[in-house]
Amino acid sequence: MSPTHLAAKDPVRQGLPSILYRGAASCQSFYLTRESLAWNKQDAKMTLPPQGTRPHGHRRDRSQPQAEAQAQDPGRHRSLRLGPRTAQRTHVSRKRGKWSRIAGVRRSHTRVPGWAHKRPMGSSQEEQPLHLPSQSGQDADLLDAADTARPQASLLERHLPEGERQLHGSGQGPYFYIGGTNGASIISSYCKGKGWQRIEDSRREDYKLKWCEVKCRDSYYSFREGEQLLYQLPNNKLLTTKIGLLSALREYSRVVSRTHKTSPCAQAKSRKDTTSALEELAWTSPGCFGPQRVLKMEEFFPETYRLDIRDEREAFFTLFDENQTWICKPTASNQGKGIFLLRNQEEVAALQVKTQSIEDDPIYRKMPFRAPQARVVQRYIQNPLLLDGKKFDVRSYLLIACAMPYMVFFGHGYARLTLSLYDPHSSDLSGHLTNQFMQKKSPLYMLLKEDTVWSMDHLNRYINDKFRKTKGLPRDWVFTTFTKRMQQIMAHCFQAVKSKLQCKLGYFDLIGCDFLIDENFKVWLLEMNSNPALHTNCEVLKEVIPGVVTETLDLALETFQKSLRGQKMLPLLSQRHFVLLHDGEADLWPRPGGSRGALRPPPPLRAAPRPGARTPAPPRGPGGAHARPRPPGRGPDGGTQSREPGAERPREGAGGPAREPSPGLAEEERKSAGHRGS
Ligand SMILES: Nc1ncnc2c1ncn2[C@@H]1O[C@H](COP(=O)(O)OP(=O)(O)OP(=O)(O)O)[C@@H](O)[C@H]1O
Ligand SMILES: [Mg+2]
Ligand SMILES: [Mg+2]
């Protein structure tokens, strides 16, 4: 549909001066401007009572009888379905005191010396049950961008219809909340550019968009599907912890191999979890690579063992020999924290003793939540490709712009180099760990920091110049073979968890994926990260990160609105650099782990369904959208992963997704909030 066509149909747009449209028509923000206005307009209709029926308080009056609400605005029928949730919210807020007490007790834990019992990075930024206002943004270098966005917003406001202007002028939102500082100024300027207002109280439930570094249980309890946008899928740890990803890939391998053994069609009929494998087999997503075979995890994921499972760690201790190097990592930390290399028998023996002593410790047996994080050991890629003698890895992005239906994208990021030359025998970790955080520890960092982050263009030019001939690579290997490989791997990982992720309309997520290239140009996935770093402390990051965040928000908004209205997703007018990996419009419904079409309102803006639009799923039975919501991260489709067959039950509190710490998500986040963007 052309912009002109949209404008003709859109009364909101019609109310804007042509100058705004002429300027905007040449770029993508045109559509988004319209979208935000349309959203505001819809807000006025769907979530607010008629003007004057309530004071300027921020919360909807939940005691308003449903029938009355419906009579006032039939468009609010969705809210009526939220009755049980409203009750739930009340229940949750009563419990807050208890959770605060629990959190308080846990914060005062004694530390265990010598082991990675360190508080995960970023936990100071944790969204506390007390909900302190977020600290001021640390991406201060972007504050100017926020300022420049303001005039545009006021220009918009001047041309808003009266009702819209009242919404803005009277301080009635739409509201957005940002928890933490990672990317805060970019997100904030984006939202302010749309005329939205920032709120500082994390308990407020009347936000349109909530973007928090650290997930907070209450946000998921009170989330209003189809009305709000909430950053991070509640159980993204299936991908973003080391154990989560490992377990998901292993389980998916088993599913794929079972699928291969017998007829795919027969399997598909009899087993619902083969769906992903079959889809990947016949993967023909637009912009991708047509049908292909399913990857094998050992082709892209370094051999890895869990240390919290006795059989596995014993297998590792048995197979280790001194000709190999392994890397030991905590499951849910970031920024290289708690990582060490294992290169000789003494180091492995020390690890063995330590692991055993933790397992035997009566304190941890009694209070497993106090135990250090579970760990994995991973085969160390000893022959990385080097850039001017330095080790590097590549940060790319997996964007789940929409969870209902899934709209999943790949996005380019940047390369991260060490400051020092790579020496495989060096005991200095800063030459082995390419994380910016590790490099920042060096006194040379401030001087040489621009050398530690390369753009993908720079990497491509370098590889063209240095290796194209000698290694017989195709021209622009980075943007052809390498990019395609990263996309395949990400799509594979997404397929591995697709049926387990908790999905609701309004959830979205940006996940940082770290790839290592070895000297044979083999591509390895090292890990995936929730809350990837959105700092802009280097020139390359200033070029890359704002675009990533802006397109993330654009795509989240556009897909949200299209899903809400039952419109076809494609073409996506806000898609610029991200590449579509998975278009879930054709996915089978229902999906476990989330509510389904039952919660989606009938398309409000169209009289008749358009060709290609999705048909809402039939209403759900018990346990479905109308059931009392489960706390996120718990339950069969939430945080728990099935255990490896024959494996012992992992210790409670061992830090991995195979166990759920008893207090649920809040506790999980306390332990795993090693973020602040890694
Ligand atoms: N198997 C491996 N072989 C070689 N190098 C590795 C391997 N695993 C990790 N590394 C190096 O160690 C760094 C840190 O590892 P990893 O990314 O898994 O940990 P992290 O603490 O989650 O870091 P971050 O989230 O900040 O990227 C990587 O960026 C990479 O340079
Ligand atoms: Mg990480
Ligand atoms: Mg990493």
Side-chain angles (χ1 to χ4, degrees), residues 121-122 137-146 148 181-187 189 334-337 339 384-397 411-423 426 428-468 476-479 482-483 486 510 512-517 519 526-527 529 531-552 577 675-678:
M121 180 64 174
Q138 67 180 30
D139 300 339
D141 44 337
L142 280 154
L143 286 177
D144 288 346
T148 52
T181 57
N182 188 25
S185 65
I186 310 175
I187 301 157
S189 67
N334 278 303
Q335 301 179 322
K337 296 187 166 204
I339 293 184
L385 183 67
L386 303 178
L387 306 177
D388 293 332
K390 295 165 191 165
K391 184 173 169 178
F392 74 103
D393 72 347
V394 170
R395 163 61 55 89
S396 302
Y397 299 98
H412 272 301
Y414 51 93
R416 311 181 297 185
L417 289 73
T418 57
L419 281 164
S420 54
L421 298 179
Y422 180 65
D423 171 6
S426 165
D428 178 3
L429 273 185
S430 67
H432 293 278
L433 274 54
T434 52
N435 317 53
Q436 276 281 294
F437 190 78
M438 291 299 295
Q439 308 312 313
K440 281 179 187 165
K441 291 179 184 169
S442 161
L444 289 176
Y445 179 78
M446 279 319 285
L447 202 62
L448 301 174
K449 66 176 184 175
E450 298 300 338
D451 298 343
T452 63
V453 183
W454 282 17
S455 68
M456 295 306 287
D457 269 325
H458 188 171
L459 180 66
N460 185 50
R461 279 196 307 275
Y462 183 93
I463 289 181
N464 273 347
D465 292 350
K466 298 270 175 180
F467 300 109
R468 194 165 77 87
D476 298 330
W477 179 85
V478 166
F479 291 122
F482 177 52
T483 299
M486 289 192 289
L510 181 69
C513 306
D514 295 343
F515 292 93
L516 191 84
I517 304 167
E519 62 186 6
L526 296 183
E527 60 147 356
N529 296 280
N531 180 37
L534 301 174
H535 315 304
T536 52
N537 56 313
C538 298
E539 288 307 312
V540 169
L541 297 178
K542 285 193 180 101
E543 277 165 31
V544 173
I545 300 297
V548 167
V549 175
T550 303
E551 196 170 340
T552 293
H577 301 292
H675 299 310
R676 288 298 305 283
S678 60

### Task
Sequence neighbours left out, what passes ring pair (Phe, Tyr, Trp, His ring centres under 6.0 Å) with Phe482? Give chain and number order.
Trp477
### Message
With rounding to the nearest 0.5 angstrom, report the CD to CG distance, Gln335 to Leu433.
### Response
11.5 Å
### Message
Once rounded to the nearest 0.5 Å, what's the spacing between atom CG of Asn529 and atom SG of Cys513?
### Response
8.0 Å
### Message
Test your reading of the model: is there a side-chain donor-acceptor pair from Asn182 to the backbone of Pro532, 3.5 Å cut-off?
### Response
yes
### Summary
To the nearest 0.5 Å, atom OG1 of Thr483 lies from atom CE of Met456 at 6.0 Å
### Task
List in chain and number order the residues that pass side chain to side chain contact (heavy atoms under 4.5 Å, CB included) with Ser430, two or more places apart in sequence or in another chain; answer none if no residue qualifies.
Ser420, Asp428
### Query
What residues form a side-chain hydrogen bond (donor to acceptor under 3.5 Å, both in side chains) with Thr434, not counting sequence neighbours?
Asp393
## Note on the structure
Residue pairs passing the side-chain hydrogen bond (donor to acceptor under 3.5 Å, both in side chains) test with at least one member in residues 448-458, sequence neighbours excluded, are Gln436-Thr452
### Task
Quick one: closest heavy-atom pair of Ala415 and Phe392, and the distance?
CB-CD1, 4.1 Å
### Task
Might you point out which heavy atoms bring Tyr414 and Ala533 nearest each other, and give the distance in Å?
OH-O, 4.4 Å
#### Entry: Any residue meeting side-chain hydrogen bond (donor to acceptor under 3.5 Å, both in side chains) with Glu539, in chain and number order, not counting sequence neighbours
Lys542
### Query
Atom CG in Leu419, atom CG in Leu447: separation rounded to 0.5 Å?
9.5 Å
### Query
Hey, are the side chains of Met438 and Ile339 touching, using non-hydrogen atoms and a 4.5 Å cut-off?
no
### Query
Given side chains that start at C-beta, do those of Arg468 and Ile463 come closer than 4.5 Å, heavy atoms only?
no
### Message
With side chain to side chain contact (heavy atoms under 4.5 Å, CB included) as the criterion, how do Leu510 and Leu534 come out once you've worked through the C-alpha distance, each side chain's angles and the decisive distance to 0.1 Å?
### Response
CA-CA 11 Å; Leu510 181 69; Leu534 301 174; 4.3 Å; yes
### Query
Which heavy-atom pair separates Ile545 from Thr536 by the least distance, and what is that distance?
CB-CG2, 3.9 Å
### Message
Please report the interatomic distance OH(Tyr445) to CD(Gln439), rounded to the nearest 0.5 Å.
### Response
8.5 Å
### Query
What closest approach, in Å, do Tyr422 and Gly431 show between heavy atoms, and which atom pair accounts for it?
CD1-O, 3.4 Å
#### Entry: Spatial distance of atom CG (Asn334) from atom CG (Asn435) [nearest 0.5 Å]
8.5 Å
### Query
Taking side chain as C-beta onward, heavy atoms only, is His412 less than 4.5 Å from Phe479?
yes
Donor-acceptor pairs are to be reported for all side-chain atoms of residues 384-391 against protein atoms at under 3.5 Å, with residues two or more places apart or in another chain.
{"from": "Asp388", "atom 1": "OD1", "to": "Tyr462", "atom 2": "OH", "distance (Å)": "3.1"}
{"from": "Lys391", "atom 1": "NZ", "to": "Tyr380", "atom 2": "OH", "distance (Å)": "2.9"}
{"from": "Lys391", "atom 1": "NZ", "to": "His432", "atom 2": "O", "distance (Å)": "2.7"}

